[in-house]
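This report refers to the structure that appears directly beneath it.
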Amino acid sequence: MSRLSIESTSISLERVAIIAGCEQHIASAIARRFVQRGDRVVICGSPPGEGTTGIAGEFTPTYVVQDGPGQIIASALDLHGRLDVLVIGSAFVETGGAVGQAIETLSNLMTTAARHMRSGGQIVNILSSAGRYRTAYFQSAADIDKSFTSKAAVDGAVFALTRQAGFELAPRVRVNAVSLGWIGSPERDREWDAMSADERHYLIEEISLSRLGEPDEVAAVVEFLASEASSYVTCNAIDVNGGWWTS
């Protein structure tokens, strides 16, 4: 697993945040918001590509390869000496249907991180809505032969883990989740292009805000959950889906 350390060159640095397993566009948007507020950021995931081009010129990246929850945390501690925020994307727990293994890995990462966090630490899980709402709410012709049961099982377990970990780690560490709708990315753009005109119309009609989401709109909610502005929020999940699904 590769890691990208991003530091601002013009502002004072405060917290240390790890972003693990997020899509590159979303990770970049979160990193930008964190760094602009003065944080040190470590991104764990695939090497930077199209999704991180917006960072170039703003921050200076450093690339290191690390594997496993312990190594991810150790790398941040080695670089910056502390850990305050952990953001975990769905890619970190996508294991081809091995639900127990995925949740155990995620639980180990969260527990290891919390052990090194000072009072006031925050953990934010980012995942799809598959574990909260049925994925067949909208299924394009391109997906007709796919089964989303494994993904729903993993995401549902992550929601449950978020609630339980938030309870067990309180009050020192807060744990929340962000449940995503249709957020723009190269992969999503390809899915959109593969749809028929009728499918696109149906999708937009089902989204209350009548448009697709942007990575920075996800980052804004993550920034909120990882800040003192949400100091009385834990064990919770926030939908970022434009009103596509509602609880």
Side-chain angles (χ1 to χ4, degrees), residues 19 21-30 32-33 50-51 54 87-94 97 99 102 106 123-163 166 175-227 229-230 233-247:
I19 304 172
C22 294
E23 292 183 21
Q24 289 183 355
H25 278 60
I26 291 177
S28 298
I30 297 170
R32 184 174 292 104
R33 279 184 171 265
E50 185 180 355
V87 180
I88 310 171
S90 59
F92 191 82
V93 292
E94 289 178 353
V99 180
L106 177 60
I123 297 175
V124 181
N125 291 314
I126 303 178
L127 61 159
S128 76
S129 301
R132 200 173 194 187
Y133 312 101
R134 61 186 179 92
T135 56
Y137 191 81
F138 175 80
Q139 190 172 22
S140 72
D143 293 329
I144 201 66
D145 294 325
K146 293 182 180 179
S147 173
F148 294 90
T149 53
S150 295
K151 185 171 183 57
V154 172
D155 284 357
V158 173
F159 278 120
L161 180 60
T162 296
R163 292 191 296 268
V175 185
N176 291 289
V178 176
S179 175
L180 303 185
W182 194 290
I183 307 300
S185 70
E187 180 180 359
R188 283 298 201 180
D189 290 344
R190 287 191 291 270
E191 293 177 13
W192 178 264
D193 291 341
M195 291 180 187
S196 68
D198 287 343
E199 288 172 336
R200 294 174 187 171
H201 176 76
Y202 175 76
L203 174 59
I204 293 299
E205 284 293 307
E206 290 297 315
I207 298 175
S208 299
L209 295 182
S210 299
R211 64 176 178 82
L212 308 183
E214 297 294 337
D216 191 59
E217 293 177 305
V218 177
V221 177
V222 173
E223 181 183 29
F224 164 71
L225 290 175
S227 72
S230 62
V233 180
T234 195
C235 306
N236 252 304
I238 296 179
D239 289 322
V240 182
N241 60 25
W244 188 3
W245 306 281
T246 55
S247 299

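As the structure is a computational prediction, the values presented were derived from the model and not from experiment.
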Could you check whether the rings of W192 and W182 sit parallel, tilted or perpendicular, using 30° and 60° as the cut-offs? perpendicular
### Sidechain N-carboxylate O distance under 4.0 Å for E223, R32
no
Practice task
Check whether any side-chain heavy atom of H25 lies under 4.5 Å from a side-chain heavy atom of P186, and answer yes or no.
Solution key: yes
dist L209:CG -> I204:CD1 (nearest 0.5 Å) comes out at 10.5 Å
Closest heavy-atom pair, A229 versus F224, reported as atoms and distance to 0.1 Å, is O-CE1, 3.5 Å
Quick check: does any side chain N or O of S230 sit under 3.5 Å from a backbone N or O of V233, one acting as donor and the other as acceptor? no
Given side-chain contact (heavy atoms from CB on, under 4.5 Å), test S128 with D155 step by step and report yes or no. CA-CA 7 Å; S128 76; D155 284 357; 2.4 Å; yes
One should read off an interatomic distance between L180 CG and R188 CZ, to the nearest 0.5 angstrom, of 9.0 Å
*Any side-chain heavy-atom pair from V178 and N125 closer than 4.5 angstrom?*
no
Point to revise | Steps toward side-chain contact (heavy atoms from CB on, under 4.5 Å) verdict (N241, I207) | key: CA-CA 8 Å; N241 60 25; I207 298 175; over 6 Å; no
Practice problem: Tell me, with the steps shown, if R211 and E217 meet salt bridge (Lys or Arg N to Asp or Glu O under 4.0 Å). | Solution: CA-CA 12 Å; R211 64 176 178 82; E217 293 177 305; 2.6 Å; yes
So OG of S185 and CD of Q24: to nearest 0.5 Å the spacing works out to 10.5 Å
task: Taking the side chain as every heavy atom from C-beta outward, state whether R132 and D239 have any atom pair closer than 4.5 Å.
output: yes
request  = Using a strict cut-off of less than 4.0 Å between a Lys/Arg side-chain nitrogen and an Asp/Glu carboxylate oxygen, indicate whether R190 and E187 qualify as a salt bridge.
outcome  = no
Under 4.5 Å between any side-chain heavy atoms of C235 and N176, yes or no?
no
I'd like to check L212 versus L203 (side-chain heavy atoms, cut-off strictly below 4.5 Å). Are they in contact?
yes
message = What I want to check is whether the side chains of S179 and S129 have a donor and an acceptor closer together than 3.5 Å.
response = yes
Smallest heavy-atom separation, P215 atom then G184 atom, equals CG-O, 3.6 Å
Would a 4.5 Å heavy-atom cut-off, applied to side chains only, mark I88 and V124 as touching?
no
key: Side chains of R33 and D216 in contact at under 4.5 Å (non-hydrogen atoms)   = yes
Does some side-chain heavy atom of I126 sit less than 4.5 Å from a side-chain heavy atom of I30? yes
